[in-house]
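I have placed the structure first, in the form of structure tokens, so that the comments after it can refer back to it.
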Number of protein chains: 2
Amino acid sequence: MYRLDIAEVADRSGYAPSTLRYYEKRGLIASDGRHGLRRQYDDSVLTRLGLIALGQTAGFSLDQIAQFMEPNGESFQLDRDDLHNQADKLHRKAKELAATAHLLEHIAKCTAPSHMGCPRFRKLLKDALNARGSSHT
Amino acid sequence: MYRLDIAEVADRSGYAPSTLRYYEKRGLIASDGRHGLRRQYDDSVLTRLGLIALGQTAGFSLDQIAQFMEPNGESFQLDRDDLHNQADKLHRKAKELAATAHLLEHIAKCTAPSHMGCPRFRKLLKDALNARGSSHT
DNA sequence: GTTTGACCTAAAGCTGACTTCAAGTTGCAC
DNA sequence: GTGCAACTTGAAGTCAGCTTTAGGTCAAAC
């Protein structure tokens with residue numbers, strides 16, 4: 001239970017002080033006291049920030065992350081269904097990105113004199129539009 | 001060389017009319033004439049929109065996409081290095097997402113009474129912060 | 001006791017990709 | 001010739017997640 005002031009938290013977490021204040025406004029973290037005007041934190045804030053960072057890389061919004069976390073301390077509530085859903089989403093997104101990457105590589109390698117001369121490329125163009133169209137329905 | 005009015009282009013491309021006007025302002029597409037006030041398009045605009053959609057799923061910004069495309073018609077310039085770079089980026093991003101997905105699944109499955117009781121989880125929290133820190137350098 | 005530098009606040013600004021708004025114009029059906 | 005739906009315009013608004021700005025306050029070093 002060390003006390004840290006905002007500059008230390010910023011250093012150790014990699015989050016800018018302005019971000020820490022912003023997170024406080026959003027209810028994601030809480031300072032527990034002041035030294036003069038300066039916010040002081042309990043070192044458990046670093047755990048919370050770790051959770052936030054994790055949530056962010058997992059693609060959750062700050063609002064969602066706020067909901068997972070208990071108002072104080074290091075504990076939090078993760079719904080297993082939410083986790084599976086998000087994992088699915090990430091897996092799908094990962095596959096989509098990998099597919100697109102392969103596509104870009106094909107375009108780079110393709111020796112047709114003009115890209116439009118490559119039938120595979122023309123099909124890809126159509127698919128790109130169709131993917132848009134169907135995602136609306 | 002069919003002429004299409006904006007509503008048809010919107011229907012066939014899946015892009016909203018407001019988006020088409022926006023793209024025109026950004027220089028991504030061009031209308032070639034009016035019927036009254038209404039924009040008319042050559043059907044090559046659909047190819048261009050296909051390219052735009054493709055570029056978007058590949059993670060390029062509208063500005064980047066604009067640079068690839070010749071001012072008019074269906075042709076465009078894709079730098080092979082750019083393509084490889086972007087493909088690399090996408091591959092890396094895909095891996096990162098997949099890793100995060102696995103992580104979420106572990107959290108969902110982990111039977112430790114509290115998440116903080118799981119050593120693997122505590123390590124993940126640290127890593128999440130460290131990943132942030134090091135990406136700044 | 002004054003300077004300094006790091007913090008404080010509320011509010012506004014930023015980015016990217018659009019959408020929405022208010023007010024105006026048009027072609028076409030009746 | 002009148003109504004109306006679908007377009008037109010420029011400007012402003014939206015979203016998320018921050019950062020920046022302007023003006024203020026404070027603890028500690030000198």
Side-chain angles (χ1 to χ4, degrees), chain A residues 3-41 45 48-49 51-69 86 89 128-129 131-133 135-136, chain B residues 3-41 45 48-49 51-69 86 89 128-129 131-133 135-136:
Chain A
R3 313 202 83 218
L4 307 167
D5 88 15
I6 193 171
E8 280 178 270
V9 175
D11 272 2
R12 292 174 55 172
S13 69
Y15 284 106
S18 62
T19 307
L20 298 175
R21 286 189 284 267
Y22 174 69
Y23 284 179
E24 183 171 326
K25 236 183 232 162
R26 297 282 307 256
L28 289 160
I29 59 174
S31 54
D32 63 339
R34 299 281 177 121
H35 174 59
L37 288 181
R38 296 179 195 194
R39 285 168 176 77
Q40 304 285 117
Y41 296 90
V45 80
R48 282 179 85 84
L49 289 172
L51 282 168
I52 292 170
L54 186 54
Q56 290 193 119
T57 53
F60 291 106
S61 71
L62 292 183
D63 277 348
Q64 288 177 303
I65 294 171
Q67 286 174 13
F68 297 151
M69 292 197 294
Q86 192 71 8
K89 262 193 208 166
L129 274 188
R132 284 186 43 76
S135 68
H136 286 298
Chain B
R3 314 203 81 220
L4 307 167
D5 87 16
I6 193 170
E8 279 177 272
V9 175
D11 273 2
R12 292 174 57 172
S13 68
Y15 283 105
S18 61
T19 308
L20 298 175
R21 286 189 285 268
Y22 174 69
Y23 284 179
E24 183 171 328
K25 237 183 233 164
R26 298 282 308 256
L28 288 159
I29 60 174
S31 55
D32 63 338
R34 299 282 179 122
H35 175 56
L37 289 180
R38 296 178 192 196
R39 284 167 177 78
Q40 304 285 116
Y41 296 90
V45 79
R48 282 178 84 85
L49 289 171
L51 282 169
I52 292 170
L54 187 54
Q56 290 193 120
T57 52
F60 291 105
S61 71
L62 292 183
D63 276 348
Q64 288 177 305
I65 294 170
Q67 286 174 12
F68 297 151
M69 291 197 293
Q86 193 70 9
K89 263 191 208 169
L129 275 188
R132 283 186 45 74
S135 68
H136 286 297

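What's counted below: heavy atoms across the whole structure, side chains too, no hydrogens, waters or symmetry copies. Chain naming here is simple, since letters A, B, ... match the order of the sequence lines and numbering starts at 1 in each.
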Run the side chain to side chain contact (heavy atoms under 4.5 Å, CB included) check on A:Asp5 and A:His35 step by step: do they pass? CA-CA 8 Å; A:Asp5 88 15; A:His35 174 59; 5.8 Å; no
From CG (A:Leu20) to OG (A:Ser13), nearest 0.5 Å: 5.0 Å
Let me confirm one number: the CZ-CD1 distance from A:Arg34 to A:Ile6, rounded to the nearest 0.5 Å. 8.5 Å
Short question: side chain of A:Arg48, backbone of A:Leu28 - any donor-acceptor pair under 3.5 Å? yes
Scan A:Thr19 against the nucleic acid and name what it touches under 4.0 Å (heavy atoms): base, sugar-phosphate only, or nothing. sugar-phosphate
Spell out protein contact along nucleotides 5-16 of chain D as letters: B when the base is contacted, S when just the sugar-phosphate is, - when no protein heavy atom is under 4.0 Å; keep the 5' to 3' order. -BSSB-------
Gap separating the CD atom of B:Glu8 from the CD atom of B:Gln40, nearest 0.5 angstrom: 8.5 Å
Return the minimal non-hydrogen interatomic distance between A:Tyr41 and A:Ala30, and the atom names on each side. CD2-O, 3.6 Å
A:Tyr23 side, atom OH; A:Leu62 side, atom CG - distance, nearest 0.5 Å: 5.0 Å
Distance, nearest 0.5 Å, that separates CD1 of A:Ile29 from CG of A:Leu49: 5.0 Å
From CA spacing to verdict: side chain to side chain contact (heavy atoms under 4.5 Å, CB included), A:Glu24, A:Arg39: CA-CA 11 Å; A:Glu24 183 171 326; A:Arg39 285 168 176 77; 2.9 Å; yes
First and last nt of DNA chain C near chain B, cut-off under 4.0 Å to heavy atoms, 5' to 3', are C:dA17 to C:dC28
Would you mind reporting whether B:Arg12 and A:Leu129 have side-chain heavy atoms less than 4.5 Å apart? no
Taking DNA chain D as the partner, which of residues 51-60 of chain B come within under 4.0 angstrom of it by heavy atom? none
